[in-house]
Protein chains: 2
Amino acid sequence: MPPNDPVYRESGIALWRQIAGRLKEEIATGARPPGSQLPTEALLSARFGVNRHTVRRALEELNRDGLVRVEQGRGSFVAEDVLDYTVEARTRFSEWIRRHNKEPSGRIRQLRALAADHHVANRLGIRTGSRVVMMERLGFADDKPVSLTQHYFAAARLKGILEALQSSAGITEALKKVGIDDYLRQQTRVTARLPTPTEADLLRTARSRPVLVCENINVDRSGAIVEFASGCYPTPRVQIVFEP
Amino acid sequence: MPPNDPVYRESGIALWRQIAGRLKEEIATGARPPGSQLPTEALLSARFGVNRHTVRRALEELNRDGLVRVEQGRGSFVAEDVLDYTVEARTRFSEWIRRHNKEPSGRIRQLRALAADHHVANRLGIRTGSRVVMMERLGFADDKPVSLTQHYFAAARLKGILEALQSSAGITEALKKVGIDDYLRQQTRVTARLPTPTEADLLRTARSRPVLVCENINVDRSGAIVEFASGCYPTPRVQIVFEP
DNA sequence: ATGCATTTGTTCGTATGTATG
DNA sequence: GCATACATACGAACAAATGCA
């Protein structure tokens with residue numbers, strides 16, 4: 001099969017530079033949207049009528065420039081814009097998303113009371129087995145899922161929190177209804193793991209791509225713990241940034 | 001094969017509770033050290049002379065209590081103490097480790113000059129292709145590997161940095177030799193990915209377990225960028241903590 | 001890449017003892 | 001005595017993840 005889109009030989013510009021330039025243009029114009037998969041190296045070499053090594057040289061360049069991401073065994077992908085999750089004392093989901101000029105939205109997946117396990121109880125500073133209210137919420141930026149977070153509240157400390165959450169648009173609003181006018185982030189703890197099948201599905205991420213797990217403890221002005229939240233965020237779409 | 005360490009039936013205490021208690025004791029006494037693998041469920045059920053479900057019920061309890069970590073396809077492991085990597089303005093490796101009452105050490109794996117790629121140049125605020133000095137160092141806490149970090153320095157800004165690093169015990173000392181008395185962390189960026197085979201090997205972590213990738217930009221007192229460092233840390237042994 | 005052995009995870013079904021009304 | 005509900009315990013089979021050759 002002849003190349004259907006050949007590059008110019010003996011033009012004084014190396015073939016791989018021409019190819020890199022063409023692909024850069026296709027990415028810049030939006031013909032290849034962020035996150036989309038590039039053709040395989042074999043297909044590209046057929047298209048341009050060059051050896052696969054020449055295509056690889058071009059892809060290497062695009063990779064070094066951060067325009068594409070090459071994954072062994074999977075393929076090459078146009079780099080996605082990264083959502084920097086900047087951790088500050090007063091971090092709210094909607095503000096985070098809006099700062100990136102995207103439209104925040106969310107879907108509540110669970111909202112119920114249960115008994116705290118060891119981990120949750122520890123973080124909330126209560127006894128294992130105490131009643132807590134848990135809300136699980138899937139967060140979107142421009143209809144793309146970016147977070148899946150479980151929020152935990154000590155039922156004894158925040159009477160009526162379940163009903164408040166049911167009748168409110170957001171957490172800040174619900175906490176106001178139970179007398180918490182303001183809350184601050186006391187601690188943020190970050191780790192990572194592979195997603196469960198459900199998480200991978202909800203966050204539209206590959207099962208082999210880790211999620212960042214970000215645990216927050218939020219306190220009221222007196223320093224009493226109000227909320228413990230454990231959220232997961234798909235990499236590399238989301239990165240967590242600290243600026244002291 | 002008869003059980004060699006049976007539990008008491010009709011004792012008024014559920015079998016799974018007895019098993020959980022025995023295992024808890026073995027962990028508490030140090031007979032099963034942190035990170036060690038428990039016998040398989042099949043072996044445990046043979047040892048206690050019960051069904052595998054009964055053992056699983058006990059392991060579930062220990063897992064909820066945070067004493068063991070169960071991993072499908074691998075086994076159950078005694079929980080390890082987590083090394084909290086607390087991000088502060090003046091974060092130094094040795095101080096981090098000593099704060100956990102462990103002995104810091106390190107092994108330099110690479111130290112050389114090279115041309116900055118797009119990413120490194122961006123972070124250092126220099127042009128792509130500029131000369132940079134890179135030092136790769138494997139960090140240990142009590143002889144257990146906990147970090148693998150590449151440190152980048154702009155060669156033009158820090159003349160003699162390569163020689164200074166060669167003749168110094170640590171980065172802080174080397175920077176002093178080239179006139180940087182103090183440096184502060186300006187930004188920390190966290191993401192995660194699966195380790196390369198080499199990384200997994202060096203950090204003694206499973207290839208399926210993600211590493212946290214932590215990128216730092218360090219500046220001198222005038223705000224000029226001194227160092228860009230990109231380190232990876234094995235999860236869940238290391239967690240990154242931020243306290244505003 | 002493929003298959004195999006090992007190990008945990010899930011889902012059936014069955015049976016038993018205990019507490020409750 | 002009887003019906004019910006619940007936790008406990010066992011058995012078998014299969015699914016899914018891991019590691020290795």
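This is a predicted model, so every value here is computed, not measured. In the text below, chain A, chain B and the rest are named by the order of the sequence lines, each starting its count at 1.
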Worksheet item: For dA5(D), which nucleotide is its Watson-Crick or G-U wobble mate, given both distances must be under 3.5 Å?
Response: dT18(C)
Worksheet item: Once you round it to whole Å, what is the distance between P of dT8(D) and CD of E61(B)?
Response: 10 Å
Worksheet item: Rounded to whole angstroms, how far apart are NE2 on H53(B) and C1' on dA7(D)?
Response: 15 Å
Worksheet item: dG9(C) pairs with which nucleotide, Watson-Crick or G-U wobble, both distances below 3.5 Å?
Response: dC14(D)
Worksheet item: So, are D81(B) and K102(B) salt-bridged, with charged N and O less than 4.0 Å apart?
Response: yes
Worksheet item: Just checking, is any N or O donor in the side chain of R74(B) or Q72(B) under 3.5 Å from an acceptor N or O on the other one?
Response: no
Response to the item:
From CZ of R56(B) across to P of dA15(D) the rounded distance in Å is 16 Å
Worksheet, complete the sentence: Between CZ of R204(B) and P of dG19(D) the distance, given in whole Å, is 16 Å
Discussion item. Looking at R74(B), I'd like to know whether one of its side-chain N or O atoms comes within less than 4.0 Å of OP1 or OP2 on dA17(D).
Written reply: no
Response to the item:
Rounded to whole Å, CH2 of W16(B) lies from P of dC10(D) at a distance of 14 Å
Discussion item. Without decimals, in angstroms, what is the distance between N63(B) CG and dT8(C) C1'?
Written reply: 12 Å
Item to complete: Could you check how far CZ of F77(B) sits from C1' of dT8(C), rounded to whole Å?
Response: 11 Å
Fill in: Test item: side-chain donor near acceptor, E215(A) and H119(A), under 3.5 Å
yes
Item to complete: Would you mind classifying the nucleic acid contact of R52(B) as base, sugar-phosphate or nothing, using non-hydrogen atoms under 4.0 angstrom?
Response: base
Discussion item. Whether T54(B) contacts dT8(D) is assessed here as follows: a side-chain N or O lying under 4.0 Å from the phosphate OP1 or OP2. Is that the case?
Written reply: no
Worksheet item: Rounded to whole angstrom units, what separation is found between the CG atom of L62(B) and the C1' atom of dT8(C)?
Response: 15 Å
Discussion item. On DNA chain D, does the nearest nucleotide to A14(B) precede the nearest nucleotide to A206(B) from the 5' side, or the other way round? Give the residue.
Written reply: A14(B)
Worksheet item: Hey, is CZ on R193(B) packed in by over 12 heavy atoms from elsewhere, all under 6.0 Å?
Response: yes
Discussion item. Is there a side-chain contact between N51(B) and the phosphate of dA9(D), meaning an N or O under 4.0 Å from OP1 or OP2?
Written reply: no
Fill in: Side-chain donor or acceptor of E25(B) paired with backbone N/O of A20(B) under 3.5 Å
no
Worksheet item: Hey, does R17(B) reach any base, or is it just sugar-phosphate, or nothing, if we go heavy atoms under 4.0 Å?
Response: sugar-phosphate
